[in-house]
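Computed from a predicted model, the values in this text were never measured in an experiment. Below, chain A is the first sequence line, B the second, and so on; all start at residue 1.
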Number of protein chains: 2
Amino acid sequence: MAARKSGQAKNKAGDILRSPCPVACLLDICGDRWTLLVIRDLMFGRSRFKDFTASPEGIPTNILSDRLNRLLRHGLAEQVPAEDGSLRMGYRLTEKGRALRPVLESMRDWALKWEPSTKAMMP
Amino acid sequence: MAARKSGQAKNKAGDILRSPCPVACLLDICGDRWTLLVIRDLMFGRSRFKDFTASPEGIPTNILSDRLNRLLRHGLAEQVPAEDGSLRMGYRLTEKGRALRPVLESMRDWALKWEPSTKAMMP
DNA sequence: GTTTTTTACTTGCAATTTGCAAGCATCTTG
DNA sequence: CAAGATGCTTGCAAATTGCAAGTAAAAAAC
């Protein structure tokens with residue numbers, strides 16, 4: 001018999017899309033107050049759980065744990081052995097994750113222009 | 001006596017910033033699953049409450065009402081008399097809101113490349 | 001080599017936010 | 001003016017958030 005028809009488009013992680021709109025799809029992956037801040041930290045080269053909790057926004061650890069797993073599930077990040085030779089693992093952006101750089105840059109540029117109390121952060 | 005020291009930087013709407021990071025600031029304004037979809041619709045020229053509810057994602061009316069008010073409060077949108085000559089009001093992006101176009105475009109480009117089941121929507 | 005500290009989480013729970021349905025004033029249309 | 005259409009608000013169940021506490025393994029200190 002024919003393959004089961006889902007009738008619904010899905011993203012690469014298998015979640016049903018709200019609509020075919022690419023913006024809606026990205027928001028289903030990253031559309032909350034924390035995910036893009038974790039990606040920002042990853043772009044700054046941070047890789048360990050503790051590094052993310054040290055950021056000034058103070059992400060709760062349960063949220064961080066959930067968001068890191070979501071990034072793994074959606075293929076934006078991957079786990080790699082920590083660079084310091086320890087047995088622990090660190091997180092690193094994949095190519096798909098690094099491709100979000102223009103999104104973060106345009107967000108940064110917008111806020112620097114329109115919300116003057118913000119300041120570009122040096123990693 | 002001296003003016004009350006808040007000690008906390010604020011955005012233009014008067015909300016306390018989680019951090020000086022511009023990305024964090026933008027996320028405090030737009031960082032949820034719906035706000036940027038409303039802005040997308042505004043960029044497509046939609047202006048009436050009914051227009052936004054007609055988008056395929058199906059935003060709940062209480063969320064839409066809340067998000068439109070947030071956009072007004074943060075100066076991303078403004079209310080203008082409807083174009084059809086009726087007494088009702090419509091919404092329109094301000095310059096600050098229109099300046100988010102590069103953010104939406106980079107989001108669209110990312111998803112079109114990395115989430116192949118998405119399709120650019122024609123307004 | 002064993003106590004202590006750090007790291008990377010998970011769990012519990014109160015508070016907030018979401019989403020669905022319903023209600024309700026305007027407006028507009030016939 | 002009666003009948004929709006529009007632009008909301010309200011009520012409430014379900015999901016998500018955020019804070020504190022707990023835990024287990026790894027690393028550091030002693």
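Across the interface with DNA chain D, nearest-nucleotide mapping of A:Asn62 and A:Leu87 shows A:Asn62 to be the residue nearer the 5′ end. Between A:Asp66 and A:Asp84, the one whose closest nucleotide on DNA chain D sits nearer the 5' end is A:Asp66.
If you check D:dG18, C:dC20, D:dT17 against the side chain of A:Asp32, the one that comes closest is D:dT17. The B:Thr61 side chain lies nearest to C:dA22 when the options are C:dG19, D:dA27, C:dA22. In this structure, the nucleotide among C:dA8, C:dG19, D:dG18 sitting nearest to the side chain of B:Pro60 is C:dG19.
For CZ of A:Arg92, the number of neighbouring non-hydrogen atoms (other residues, nucleotides, ligands) closer than 6.0 Å is 12 at most.
With rounding to whole Å, B:Asn69 atom CG is found 15 Å from C:dT17 atom P. Rounded to an integer number of Å, the gap from CE of B:Met89 to P of C:dC27 is 12 Å. What separates CG of B:Asp51 from P of D:dC8 is a distance of 12 Å, to the nearest Å.
Under a 4.0 Å N-O distance rule, the pair A:Arg40/A:Glu57 qualifies as a salt bridge. Between A:Asp32 and B:Arg33 there is no salt bridge, since none of the side-chain N atoms of the basic residue sits less than 4.0 Å from a carboxylate O of the acidic one. The pair A:Asp41-A:Arg48 does not meet the salt-bridge criterion, since no charged nitrogen lies less than 4.0 angstrom from a carboxylate oxygen.
Regarding contacts with the backbone of C:dT10, a side-chain N or O of A:Ser65 is found under 4.0 angstrom from either OP1 or OP2. Listed pair B:Lys50 / D:dT6 meets the phosphate criterion, a side-chain N or O lying under 4.0 Å from OP1 or OP2. For C:dT28, the OP1/OP2 oxygens have a side-chain nitrogen or oxygen of B:Ser86 closer than 4.0 Å. A sub-4.0 Å separation between OP1 or OP2 of C:dT26 and a side-chain N or O of B:Arg88 is absent. Of the side-chain N and O atoms in B:Arg48, one or more sit less than 4.0 angstrom from OP1 or OP2 of D:dG7. In this model, the phosphate group of C:dT18 is approached by a side-chain N or O of B:Arg67 to a distance below 4.0 Å at OP1 or OP2. OP1 or OP2 of D:dC8 lies within a sub-4.0 Å distance of a side-chain N or O belonging to B:Tyr91. The phosphate of D:dG18 has OP1 or OP2 within less than 4.0 Å of a side-chain N or O from A:Arg33. The shortest distance between the side-chain N/O atoms of B:Trp34 and the OP1/OP2 oxygens of C:dT17 is not below 4.0 Å.
Residues A:Thr94 and A:Arg98 fail the side-chain proximity criterion, which asks for heavy atoms closer than 4.5 Å.
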